[in-house]
Every structure is written in structure tokens, then in C-alpha cells.
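This report concerns only the one structure given below.
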Amino acid sequence: MRREAMKLWRGGLLATLAGDSGWGLIPDGALLVDDAGRLAWVGPSAEAPAAAEVVELQGALVTPGLVDCHTHLVYGGNRAHEFEQRLQGVSYADIARAGGGIKSTVAATRAAGEAELLASAQRRARALLAEGVTTLEVKSGYGLEAATEARMLRVARQLGALGVDVRTTFLGAHALPAEFTDAQAYIDAVCAWLPELHAAGLVDAVDAFCEHLAFSPAQVACVFEAARRLGLPVKLHAEQLSDQGGAALAARYGALSCDHLEYLSPSGVQAMAAAGTVAVLLPGAFYALRETKLPPIDALRAAGVPMALATDHNPGSSPTLSPLLMLNMACVLFGLTPEEALRGLTVNGARALGLHERGQLVAGQRADFCIWAAGHPRELAACFGHNPLIERVCQAEQAPQGEP
């Protein structure tokens, strides 16, 4: 590699997260980035190779770029009134049965044009990027009809122009739309839409909502079979409100991740461990819904199941746009250590998307990283309500002038 094509960042505290545990701290460390956007070398500044361009980090903290592996960023409308309802004692399930919840957002999303959806999603995405997100997953699932699902996925793809790597997930099996009375008939429709969406290059993975107020394991299995025929990986909203055995089902299909998991059983934990499925914890939804049943963190740890974190941004149960707040909530509400939390928003978040070339600061990885005004990575989880980001370096398509 030509030295004149390399850029050296030196003089920072690197939290490499190398290996499976530990911060991987390198005081007065340096990163060498090649012209392909990869980390060519990582180590002490005193041992750094020569490079044509050098950036002095002046003692700042450097971490891998943040990976938000579970969002519902594209939608129309607003559900702040449901927040008030829940405070008055109305449950999430009761709101859904009364026509609110997901179905309310479906109506607003169907009524919104592509330009409107893009403008609102861009505002949300910029907020995530401003807190260090370099890779972003976006789900469909608020269309529940072929045309609107496709529109949502097209909008999600366009968010990459902001300078973030976007992964799209088809979540047609999110809820039963009003025009269907038979859940299996709707699942059959979802399976019929998938090949065309995939052929259009709109789908990176397939998700479903396995829950008593959504779809049964048998119905989810139909969707997963359709995904398998196309060679698409699967994910699952599992065990959020009850234990439906969804995690074990997803594990049988080699799922990338199971997400939420408050009601995950011991057998579900073991199935995920055997399959290498990542547990995606979503403290924002736990907090906003005022849940009391915690995910089985100790059991996941003991079984060696990787734990990821995400914002789960959506208009109803997790309207946050702060990945940094999720670090704090994961520690305070779920009992994660600050290191586990940061791994959850970096290397394990990447694993939950099937991406193994990012999330750590080691040679050969993609050079996505964040520079923070902090003296130790634990500060990112310990301090909430402020944003210490200095700079976000991302190898995705660069943002237009004046955008993040």
C-alpha cells in the first residue's frame, strides 16, 4: 500500500474492543487508514508507520463507530397520545386492540408520500449520526401492503446518502392490517411480496413479530421459509410481551438476532447460544412501556450469547433517537457493565446484522470510528443527557456539503 494514500490518526486513547472481552485500551494510540477505508494498522503512536496525512487526536477517546441494529426509522404520523394513555393505565396490548399502536402508524404511513417519508426519516437519521452512528438498520412494517412496504424500503436505502451504511429489513409480518381478517392469508401475501422486493434490491434481511397480539410461531415459520428460499437471513421480534417460543424457532433458522427478549426462557437462551444468534436488548422500549420483567441477562452471559443494544426507534414504544442514552439505560435498567453496553452498540450490534468487518479497532476492519471528548470509554455510559462526540468517521458514501 502506498504511504501517500494513507492517513494516520494519532495521540488518542483507543478503546479497540479487540477480542471478546476488555476495553482493549491503547493509551496514546494511533490508527492508520488505507485508501480502501480499512484499518491498516492500530497500535501505540510511537510505533506508528509513516503516512502522508496525519491528524493529531490530542488525547481524545476513540471508539469503533456505533451500530444501531434495530430501528423503525421510516414512518408517518405521531403517537404521543399513546404515551398519555399508558400513563393513565392503558396497556400496550389494549391500545393495539383498540386500533392504535402499529395500526395507527400504518394508516399514517400509507397516507404519506415518498418525499414526506424521506424528509422525516432524514431528520431522525441525522440525530442518530450526531451521536456517533455509522451503521444503521431500518425496518419496514408500517405499510402492511406491497406498495407501501416497498416505498418504506426505498426511503431507507436513500438514507445512505447522509453518510451512513444502511441495512434494510423487511418486516411485513409486523401486524395484521385491517383489510385482512385471516392471519394466515396475510402471511401468504407477505411471502408473495418478498421475492419482488428482494429482486428490486430492497431487502438485506427478513424480520417478523412473534407475539400473542401479532403472529404465531407457525406463521412466522412460513415467512422464514420464504426468506430461506431466497437466501436471506432472518431476525425476530421475540418474547417481548410473552413467551411464544419464538427465540427457539428463530434459532432453528440460524437467525442473526432475536430482539427484546424480556420473556425469554432458559431453553430459548440455550437455543440461541447453540445457533450463534445475537440477543438484541432494547431498553428504550422497556422504559417507555414501563415494563417490569427484565431480560435474562445473567443467563445470556452464562451461555455466552452476544448481547447487542439498539434504540428501537419507533413512534410508539421507543421514540428515542439517542444511542448514548441506550448505553446508560442498559446499565441502569438491565445491569450491563459499561463495557458490555459499548460492545452492544459496536461489535455485537454489527454481528446482529451479519457484519463481521466492523465494530472493533483492529487491522483489517472497516475504518468506522468515533472521536469523543472523554477520558475513558465508561464515561459514554455513565453520563447521560449530553453528547461528547467530536467527530464521526464513516466509510459509507460521504454526506453532501453541510450534512452530517
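For this chain, numbers begin at 1 and follow the sequence in order. Below, all heavy atoms of this structure are taken into account, side chains as well, without hydrogens, waters or symmetry copies.
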Please work out whether the ring planes of Y253 and F224 are parallel, tilted or perpendicular, with thresholds of 30° and 60°. perpendicular
So, taking the atom named NE2 in H72 and the one named OG1 in T105, what distance separates them when rounded to the nearest 0.5 Å? 10.5 Å
Would you say that V393 contacts T134 through its side chain, given a criterion of any heavy-atom pair below 4.5 Å between the two side chains? no
Do you see a donor-acceptor pair shorter than 3.5 Å between the side chains of D259 and H70? yes
Would H313 and Y75 satisfy ring-ring contact (aromatic ring centres under 6.0 Å, His included), going step by step from the backbone distance to the final call? CA-CA 11 Å; H313 175 82; Y75 58 85; 5.7 Å; yes
At what distance, to the nearest 0.5 angstrom, does CZ of R351 lie from OG of S257? 13.5 Å
Under 3.5 Å donor-acceptor, N328 side chain and A381 backbone: yes
Residues that H356 engages under ring-ring contact (aromatic ring centres under 6.0 Å, His included), provided they are two or more places apart: none
Got a second to check how far L73's CG is from E137's CD, nearest 0.5 Å? 10.0 Å
So do I26 and T16 actually touch side chain to side chain, heavy atoms under 4.5 Å? yes
Could you check whether Q244 and S216, counting side-chain N and O atoms only, form a donor-acceptor pair closer than 3.5 Å? no
Are C69 and V280 side-chain neighbours, meaning at least one heavy-atom pair lies under 4.5 Å? yes
Under a 4.5 Å cut-off applied to non-hydrogen side-chain atoms, are T71 and D312 in contact? no
Would K139 count as a cation-pi partner of F170, with NZ or CZ less than 6.0 Å from the six-membered ring centre and within 45° of the ring normal? no
Tell me whether R358 contacts the main-chain N or O of A367 through its side chain, where contact means a donor paired with an acceptor under 3.5 Å. no
Qualifying residues under side chain to side chain contact (heavy atoms under 4.5 Å, CB included), relative to A226, sequence neighbours excluded: C191, L194, R229
Does the side chain of L117 reach to within under 4.5 Å of the side chain of R151, using non-hydrogen atoms? yes
Residue list, ring-ring contact (aromatic ring centres under 6.0 Å, His included) with F369, at least two apart or on another chain: W9
If the test is side chain to side chain contact (heavy atoms under 4.5 Å, CB included), which one of T169, V278, T277 qualifies with K235? T169
In terms of ring plane angle, is the pair Y186 and F215 parallel, tilted or perpendicular, where the classes change at 30° and 60°? parallel
Can a donor-acceptor pair be found between the side chains of E114 and Q158 at a distance below 3.5 Å? yes
With a 4.5 Å heavy-atom cut-off, do I95 and R86 have their side chains touching? yes
Main chain of G246, side chain of E239: is a donor-acceptor contact present, judged purely on distance under 3.5 Å? yes
Under 3.5 Å donor-acceptor, E379 side chain and H376 backbone: yes
The reported gap from CZ in F334 to CG in L300 (rounded to nearest 0.5 angstrom) is 11.0 Å
